[in-house]
Every structure is written in C-alpha cells, then in structure tokens.
Amino acid sequence: MIHIKLKAQKMLIGKNMKAFFVSILPFLMSATLLCLNYYLLKFMKNNAEISLLFKMLIAVCVATLSLFMINTTLYISENYFYRKATDSFAPVRAIDLFCSFAVNILKTLLFFSWSAVFFLPCVALLFCAYSAKTNNYAGEIVTTLYIAAAIMALVGAGCFFVLFGRYSKCNFIQFTTGETNPVKVLARSTELMEENQIRYFLFRLSFLGWDMSCALLFPIIYVLPYRKCAKYVFFNTKPKQKQKELMSEKPIVFIFG
C-alpha cells in the first residue's frame, strides 16, 4: 500500500490547497443550507397565516432539495479526486446526480434496516439491565445483561462495517462505467468489494494516525485531500495476485545443437 500513498502524495504536490477547498465544499454547502433552513422554519413558525399541513409540505420539500444539493456537491467533489487519481475524465451529467442521490437513499435505508436488527435488541437489553438494577436484582444478572447489550452493539458495528465496505465503491463505479441504475451500482459495488473488504479495511486503518493528528485541526488541510486521493488510487489499483507456478503438461525437451 506504500506505493498507493506515494502516488497520491505526488499528485497533490503544488495542488494541495485547491484539493482541500474541493474537499470541504460539501461541508460548506451543508452549513449554508442548515442556516437557510433554520431561518425558513423560524419564519414559517412565526407566520400564523400558513396552515400546518402546508408548513410540513414545505419542510419536506426543502429538506429533500437540501439533501440533493449536498449530495450533488459531494459527488462533484469526489469526481475531482477521481480524475486526479486515475488521470481520466468522467463528465458529470444530471442523470448521474439523481442516480447518486438514489444510491445514497438506498444505502441509508439498508443501514437503518440493519441497525434496527441490532439496535432495538440492544436498547431492550439495556432497559432490562436498568430495570433489574432498579429492582435490586442480583448483580450477576445486571452484569450479564450489560455484557449482552455490549456484544449486540459490537455485532451491529461489525455489520455496519461490512455494509459500509460493500457499498464504498459506488461513486467509483459511476465514474468509470457511467451506470445510472442505482440498484445495479449497489450490486456491482458489492461484487467488486466482496474479496477486497479486508484489504480496504487495512487501507483505511493505515490512516488512523493521520486521522488522530487532525484533532489539532491544522493537519486536516493536508490529511483530507491526501486520504481522498489515495482512496481513488487504491480503487484504481488492482491487488497483486500471486503468480501461479507454471507447469507444462508435456515434458520439457532440451535440444543441444
């Protein structure tokens, strides 16, 4: 993985500040829309002439439009790093933006469905542990319930990692193939990441030290573009396969002349 990181560093020489600005564009868009939505909701709340149903309809429409705009900004930002890392051109079309938005909606629904499987039993176990402690049950029972809740939470976190890893290549697939069917994009990402999840996990884990250094704020100017660019170099680099020993089906004949 060292050659992947070195290639990403080389690409960002003299262009790091521009890449950092592109990286934070989704955050700036999110902050701007959050402020606008806040003032809009405040205005509607103070306006008694507007019916509650109409207020709710406007709120849903504004929230959907805001999420689409944030997703669009994120998609364009990711496209910039894809072009840098792969030295190829992927035009951004309107249909690509809608496909990316649909993909993220499906990913969110899948995440919440998986979360419900583990989150609800975890909450139930915590509630049972709290009730047992309140009613002065034996300490062993309370401890067992807490441990079971912790195990359930860890299993849920592991499932989230699997889900996140399986669909991490969706944008890359859209950039390379131009696929506009969100279901096919998710299926293709699952197929390509099936044997690379551990490799991708180790790759992300290798940035842990850099991520921790971002607590000082200043290193994030370097780390954020570096990590994004390295991600697309990683996706564009095929894993090295061990060369199989070539064995001839027929005996080798040495001819001496």
* Hey, could you give me the CG/CD1 distance between L65 and I58, rounded to the nearest 0.5 Å? => 13.0 Å

* Asked: Around atom NZ of K18, are there more than 12 heavy atoms of other residues, nucleotides or ligands at under 6.0 Å?
  -> no

* Any chance CD1 of I2 has more than 12 other-residue heavy atoms, nucleotides or ligands included, within less than 6.0 Å? -> no

* Asked: Mind checking what makes salt bridge (charged side-chain N to carboxylate O under 4.0 Å, His left out) contact with R83, not counting sequence neighbours?
  -> none

* **Any residue meeting ring-ring contact (aromatic ring centres under 6.0 Å, His included) with Y80, in chain and number order, not counting sequence neighbours** => none

* Distance-minimising heavy-atom pair for A90 and Y82 -> CB-CE2, 3.6 Å

* Can I147 and T143 be said to form a side-chain contact (heavy atoms from CB on, under 4.5 Å), step by step? -> CA-CA 6 Å; I147 292 174; T143 304; 3.8 Å; yes

* **Interatomic distance, T73 atom OG1 to L97 atom CG [nearest 0.5 angstrom]** => 9.5 Å

* **hydrophobic_cluster_shared for F207 and Y200, side chain cutoff 4.5 Å** => yes

* Would you indicate whether D87, at its atom CG, is surrounded by more than 12 heavy atoms from other residues, nucleotides or ligands within a distance under 6.0 Å? => no

* **Side-chain donor/acceptor of S100 to backbone N/O of D96, under 3.5 Å** => no

* Asked: Should the ring pair F101 and F68 be called parallel, tilted or perpendicular, given that the plane angle runs from 0 to 90° and is split at 30 and 60?
  -> perpendicular

* Asked: Can you check side-chain contact (heavy atoms from CB on, under 4.5 Å) on L202 and R199, steps first, answer last?
  -> CA-CA 5 Å; L202 295 175; R199 179 170 168 259; 5.9 Å; no

* To do: Would you name the heavy atoms of L33 and S66 that are closest together and state the gap between them?
  => CD1-O, 3.5 Å

* Is the F172 ring parallel, tilted or perpendicular to the F235 ring (thresholds 30°, 60°)? -> tilted

* To do: Take T237 and K7 through the side-chain contact (heavy atoms from CB on, under 4.5 Å) test and state the conclusion after the steps.
  => CA-CA 11 Å; T237 305; K7 186 176 180 180; 5.5 Å; no

* Taking all non-hydrogen atoms of both residues into account, name the closest pair between M11 and C229 and its distance. => SD-SG, 3.9 Å

* **Exam field: side chain K55 to backbone M44, donor-acceptor pair closer than 3.5 Å** => yes

* Asked: So, K228 and S77: side-chain donor and acceptor under 3.5 Å apart, yes or no?
  -> no

* State the CD1-CG distance between I70 and L25, to the nearest 0.5 angstrom. => 12.5 Å

* Qualifying residues under salt bridge (charged side-chain N to carboxylate O under 4.0 Å, His left out), relative to R227, sequence neighbours excluded -> D211

* Taking everything shown except I198 itself, do over 12 heavy atoms lie less than 6.0 Å from its CD1? -> no

* **Within-4.5 Å side-chain heavy-atom neighbours: I105 and L109** => yes

* Is it the case that one hydrophobic cluster holds both I13 and Y232, taking links as side-chain heavy atoms less than 4.5 Å apart, direct or via other members? -> no

* To do: Treat each ILVMFWY residue as a node, draw an edge where side-chain heavy atoms are under 4.5 Å apart, and state whether L192 and Y167 are in one component.
  => no

* Asked: Hey, what do you get for CZ (F27) to OG1 (T32), rounding to the nearest 0.5 Å?
  -> 9.5 Å

* Verify the cluster assignment for M69 and L41: are they in a single hydrophobic cluster under the rule of side-chain heavy atoms below 4.5 Å apart? => no

* Asked: When rounded to the nearest 0.5 angstrom, what distance separates CG in L145 from SG in C128?
  -> 6.0 Å

* To do: Tell me, please, which residues at least two apart from I221 pass side chain to side chain contact (heavy atoms under 4.5 Å, CB included).
  => N16, M17, F20, F218

* Structure fact -> Value for OH (Y146) from CG (L126), rounded to nearest 0.5 Å, stands at 7.0 Å

* S206 side-chain N/O to F203 backbone N/O, donor-acceptor pair under 3.5 Å -> yes

* Could you pull out the closest heavy-atom pair between I220 and P225, with the gap in Å? => O-CD, 3.9 Å

* **I95 atom CD1: more than 12 heavy-atom contacts under 6.0 Å** => no

* Asked: With sequence neighbours excluded, what pairs up with Y75 under the ring-ring contact (aromatic ring centres under 6.0 Å, His included) test?
  -> F175

* Cluster overlap L74 with V103, hydrophobic side-chain contacts below 4.5 Å -> no

* Can you see which heavy atom on C99 is nearest to which on V185, and at what distance? => SG-CG2, 4.1 Å

* **Pairs where residues 168-189 contributes a residue and the test side chain to side chain donor-acceptor pair (under 3.5 Å) is met, not counting sequence neighbours** => R188-E191

